[in-house]
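When reading the values below, keep in mind they use all heavy atoms of this one structure, side chains included, and skip hydrogens, waters and symmetry mates. Order of listing sets the numbers, starting from 1, for every ligand and every atom in it.
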Amino acid sequence: MVEAQKIAAFCTQCRSRCGCVAVVEGGRLLRVDPLPDHPTGQALCPKGRAAPELVYHPERVMRPLRRTQPKGAADPGWKPVSWDEALAEIATRLSAIRATHGAEQVAFSVTTPSGSHISDSISWIERFIRAYGSPNTIYGTEICNWHKDYASRFTYGHDIGTPDFANTDCVVLWGNNPAATWLARQVEIQKGLKRGARMIVVDPRPTALAKRATQWLRVRPGTDQAVALGLANLLVSSGRFDQDFVAAWTNASLLVRADTGRFLRESDLRAAGRSDILYSHAGEGGGLLPLDRSGKETEGTPVLRWHGTIETLSGPVLCHTALELFARAAAEYPPERVADVSGIEPGDLAKAADIIAGAKSVAYYAWNGVGQSVTATQTDRAISILYALTGSYGREGGNVPGGAAPFVDISGQDLLSAAQRDKALGLAERPLGPGLQGWVTARDVYKAVLTKAPYPLRALVSFGTNLLVSQPDTEMARKALSALEFHVHADFFINATACYADIILPAATSWEREGLRTGFDGSLEGLRHVQLRPPVVAPVGEARSDTDIVMGLAAGLGLGDRMFDLDADRGHDAALARTGLTVGMLRASPAGVRVDGTAQLDGQSLAHDGHPRGYPTPTGKIEIYSERLMLSGYRPIPALDVGDLSSAEAGYPLRLGSAKSVAYCHSQHRNIGSLRRLVPDPIVEMSPEDAAARSVSHGDWVRISTRSGDAVARAAIVPGLASGAVFGQHGWWIEGGEGTPYDRSHPLAANLNSAIGTDRADPVSGSIPLRCSWCQVAKISFEPPSV
Ligand SMILES: Nc1nc2c(c(=O)[nH]1)N[C@H]1C(S)=C(S)[C@@H](COP(=O)(O)OP(=O)(O)OC[C@H]3O[C@@H](n4cnc5c(=O)[nH]c(N)nc54)[C@H](O)[C@@H]3O)O[C@H]1N2
Ligand SMILES: Nc1nc2c(c(=O)[nH]1)N[C@H]1C(S)=C(S)[C@@H](COP(=O)(O)OP(=O)(O)OC[C@H]3O[C@@H](n4cnc5c(=O)[nH]c(N)nc54)[C@H](O)[C@@H]3O)O[C@H]1N2
Ligand code: SF4
Ligand SMILES: [Mo]
């Protein structure tokens with residue numbers, strides 16, 4: 001009998017990246033088990049356990065395929081081709097487009113590293129795209145992670161950081177439900193709660209964590225900014241915030257000119273004055289104090305809240321401190337107004353403010369619930385500033401930015417020239433948005449394909465993604481996909497979008513390929529863990545890793561010198577170079593190694609020169625007032641425009657949002673039997689009142705309709721859900737059982753995103769209202785066939 005092999009590994013199916021043991025017998029993956037000593041190895045979810053079903057699924061793409069029938073034909077006539085042939089053809093087409101028209105006319109799309117296996121290969125794919133020279137990658141970042149990772153830089157200069165949930169006194173979950181989406185984080189939260197941490201959950205749905213919260217804030221979808229400002233108002237107006245931290249580490253005390261909205265500068269005061277010297281004020285009887293960026297004591301103490309007139313070269317100018325301006329904006333949201341806008345009772349808001357004010361440390365996470373909205377950037381600003389007031393950023397028990405060790409980013413940001421970067425679609429409209437990193441919206445790509453403006457988009461090369469389903473604009477997407485000159489899709493399966501491709505490449509799952517993970521960000525402890533997962537089984541069929549695929553393309557395009565001479569080990573060694581680790585050392589310790597470092601307690605910690613390092617923002621401080629946003633035409637201080645939030649669209653009285661199910665990632669996994677049994681059909685959660693008003697019972701099929709389209713789902717009646725809002729699930733495209741309203745002839749009838757309009761978008765990031773559209777729900781007369 002063959003002995004089962006136990007191989008230390010980690011699951012890459014979602015952001016949790018759970019440490020696990022792959023049990024393999026005779027070269028076949030039998031199952032995966034938890035790996036309790038691993039920082040994320042305590043438990044596995046059903047998706048992780050379903051790994052063998054995924055790997056050996058009969059619908060896996062086994063060989064490269066080429067279309068032989070025209071686009072739009074019912075059967076594309078897929079014909080197997082060799083890898084050499086497929087790669088040569090792709091390289092030839094990409095090379096020709098770049099030479100004749102420019103690399104920007106090829107767009108790429110890359111599935112999400114937070115909810116797919118791509119996290120193993122993402123750096124290599126991005127490096128390849130940048131080496132090729134395209135600034136146009138559809139990455140879904142504006143509806144996924146951009147706000148917590150990039151919009152937060154307007155405030156902190158860093159991303160949201162890793163919440164130290166296990167050691168905090170107060171857990172805040174803001175539009176984030178780790179119980180369904182990040183198992184390892186859920187485990188950390190349990191540790192914190194066990195230690196006695198309090199918990200605030202801001203979520204419209206009564207999630208398992210909301211039910212356990214010390215205070216659940218049942219926010220109306222899309223109104224979080226009012227809640228953040230309302231909480232900040234309660235803290236600032238009563239002085240219950242970390243005044244020392246705010247004075248030393250935020251730009252609260254800096255003076256802002258009322259006439260220009262710019263900081264007061266030495267050059268405003270004296271002809272030869274410097275423009276990089278900014279001022280605070282010592283308050284009544286005192287005078288101007290130049291900003292000391294080192295965080296040391298200055299002569300005189302700056303006041304946090306002050307306004308007054310300053311004599312400048314152009315005459316007297318009214319100035320306010322940044323905190324004064326913020327306090328005034330927040331004061332627009334007294335508890336009664338917050339209640340009007342968000343539905344949160346004044347008493348609940350006050351309790352939440354008390355918990356925050358009384359906690360020694362606060363750790364938070366904010367994700368899709370606040371990022372998928374047309375006010376996402378300013379909502380992130382409001383939450384980040386509220387958080388800055390707690391003084392917990394970068395401290396134990398708080399959110400700590402940065403990794404445990406100085407890993408080098410090999411995604412090739414430096415390979416894309418400034419001239420190419422400037423051509424990113426949508427960058428002109430959103431100059432501070434994801435376009436700066438070469439990340440563009442699907443919608444902008446479709447438009448460029450169809451209108452040829454600002455230039456024609458000719459080809460699309462996709463590493464996973466299922467744009468027809470994970471993104472709105474379904475009809476525009478179909479037209480654009482049909483109009484592409486050339487379209488390649490690498491995937492495990494032929495998904496709805498891949499049906500439009502010219503060439504399909506079989507991608508290996510993470511179980512079939514090596515993967516380097518430099519830090520497991522479920523916790524600060526996890527950040528110290530580095531692991532090189534071996535392929536636990538050989539690839540099925542002719543599947544290849546995405547890394548191998550881009551190496552093959554780079555070879556064909558003569559880009560090997562930009563891809564570490566096509567040697568992945570060399571690239572990984574470069575990523576590890578500053579840590580003393582090498583690929584060889586990691587291979588010798590398959591369960592991973594711990595690096596010595598700790599995540600930087602940034603800002604307050606000392607830099608080489610012995611001064612605190614401060615924050616990488618224009619003022620070197622956490623920015624309550626953002627001159628940077630102001631100079632690009634955005635609000636420097638958040639303030640919610642509630643105008644179009646409070647009134648429903650005629651005929652569509654219900655707010656429409658969505659949330660993720662533990663059983664699936666996005667549009668994946670509906671073909672995995674064990675998972676499909678957990679959630680057999682798409683559901684839409686409704687309050688008992690909204691359901692009763694429409695004579696809808698639990699389990700009824702209903703149609704969700706919006707101005708933009710509709711989708712079918714089964715009603716799930718959820719006690720505790722506030723009336724006025726319903727929540728669907730995106731990602732449904734694989735047909736239901738025979739006779740369901742989304743059968744083989746209408747496989748996309750359950751696609752929630754075909755009901756989402758994108759005419760309104762966040763002006764900074766381009767995010768769209770996946771959580772705050774307006775809809776109607778009606779029962780559909782539909783009788784499943786009797787058996
Ligand atoms: N099982 C599973 N896990 C996943 C994924 C998956 O698809 N499935 N995807 C991965 C990816 S790519 C991501 S980005 C993460 C996302 O992880 P999460 O952000 O946790 O994802 P969601 O469940 O979509 O949204 C979180 C919560 O936001 C709430 N919400 C909805 N509207 C609003 C609102 O207006 N305000 C507030 N405050 N809350 C609101 C929802 O009720 C939900 O409970 O999950 C990752 N993990
Ligand atoms: N209404 C609504 N829409 C949403 C969301 C929502 O909450 N509500 N969430 C949004 C979010 S947060 C995100 S991140 C996007 C996700 O959107 P997408 O990135 O488009 O994700 P999926 O739809 O799951 O498609 C992933 C595809 O990639 C394939 N795949 C998985 N791993 C790999 C790999 O390693 N290599 C290759 N080559 N292929 C792979 C899968 O088989 C699948 O076909 O959806 C967004 N759409
Ligand atoms: S929570 Fe995510 S990483 Fe962990 S087992 Fe499930 S799918 Fe895999
Ligand atoms: Mo995401």
Side-chain angles (χ1 to χ4, degrees), residues 10-20 32 34 40-51 54 57 60-61 109-122 125 138-146 178 180-187 367-369 371-372 442 462-472 489-498 504-510 512-513 515 520 522 543-547 549 656-660 662-671 711 727-731 733 751-756 768-771 773:
F10 55 92
C11 176
T12 57
Q13 183 56 65
C14 85
R15 185 59 183 265
S16 191
R17 288 146 196 166
C18 299
C20 63
V32 291
T40 57
Q42 311 276 300
L44 296 173
C45 85
K47 297 182 297 301
R49 294 192 184 272
L54 177 82
H57 198 286
R60 283 282 303 272
V61 187
S109 74
V110 183
T111 185
T112 172
S114 294
S116 82
H117 299 213
I118 209 86
S119 51
D120 279 350
S121 296
I122 185 83
I125 297 172
I138 304 171
Y139 192 34
T141 189
E142 72 287 351
I143 48 174
C144 178
N145 64 316
W146 192 82
T181 60
W182 193 333
L183 191 53
R185 275 277 167 87
Q186 166 80 354
V187 169
W367 208 351
N368 283 177
Q372 297 180 351
S462 299
F463 297 89
T465 68
N466 192 2
L467 303 178
L468 271 180
V469 184
S470 59
Q471 295 275 346
H489 187 105
D491 208 304
F492 315 148
F493 299 103
I494 303 179
N495 68 25
T497 310
I504 293 185
L505 300 175
T509 68
S510 56
E512 304 154 75
R513 66 193 189 204
F520 291 72
R544 288 190 186 174
S545 74
D546 295 284
T547 306
I549 294 174
L656 170 63
S658 53
K660 295 178 186 27
V662 75
Y664 305 119
C665 282
H666 308 291
S667 77
Q668 300 160 71
H669 306 138
R670 305 309 190 284
N671 57 353
F727 296 87
Q729 295 173 337
H730 73 294
W733 63 277
N751 176 17
L752 184 68
N753 279 336
S754 44
I756 307 286
I768 44 179
L770 298 178
R771 304 284 160 131
S773 299

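Within the listing of ligand 3, atoms 3 (S) sit less than 4.0 angstrom from a heavy atom of Arg17.
Remark: the backbone N or O of Leu467 is not paired with any side-chain donor or acceptor of Thr465 at under 3.5 angstrom. At distances below 3.5 Å, at least one donor-acceptor pair connects side-chain atoms of Arg185 with backbone N or O atoms of Gly522. In this structure, the side chain of Asn495 engages the main chain of Ala498 through a donor-acceptor pair within 3.5 Å. For Trp367 (side chain) and Cys144 (main-chain N/O), a donor-acceptor pair under 3.5 Å exists by modelled atom type. Judged by distance alone, with hydrogens and angles left aside, the side-chain atoms of His57 form a donor-acceptor pair with the main-chain N or O of Asn671 at under 3.5 Å.
Between Phe520 and Phe10, the two ring planes are perpendicular [angle over 60°; tilted spans 30° to 60°].
Below the 2.8 Å limit, atom 6 (Fe) of ligand 3 has as protein N, O or S neighbours Cys45 SG.
Every side-chain hydrogen bond (donor to acceptor under 3.5 Å, both in side chains) that Ser510 has, sequence neighbours left out, goes to Thr12, His117.
Side chains of Asp120 and Thr547 form no contact here, defined as non-hydrogen atoms less than 4.5 Å apart. Counting only heavy atoms from C-beta outward, the side chains of Leu770 and Pro472 approach each other to under 4.5 Å.
Closer than 4.0 angstrom to ligand 2 by heavy atom are Thr111, Thr112, Ser116, His117, Ile118, Ile143, Cys144, Asn368, Gln372, Phe463, Gly464, Thr465, Asn466, Ser470, Ala490, Asp491, Phe492, Asn495, Ala507, Arg513, Asp546, Ser658, Lys660, Cys665, His666, Ser667, Gln668, His730, Asn753, Leu770, Arg771, sorted by chain and number.
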Can you list, pair by pair, the side-chain donor-acceptor contacts under 3.5 Å of residues 40-47, counting residues two or more places apart and other chains?
unit_1, atom_1, unit_2, atom_2, d
Thr40, OG1, Arg17, O, 2.7
Thr40, OG1, Gly19, N, 2.9
Thr40, OG1, His38, ND1, 3.1
Gln42, NE2, Pro36, O, 3.2
Lys47, NZ, Val662, O, 2.8

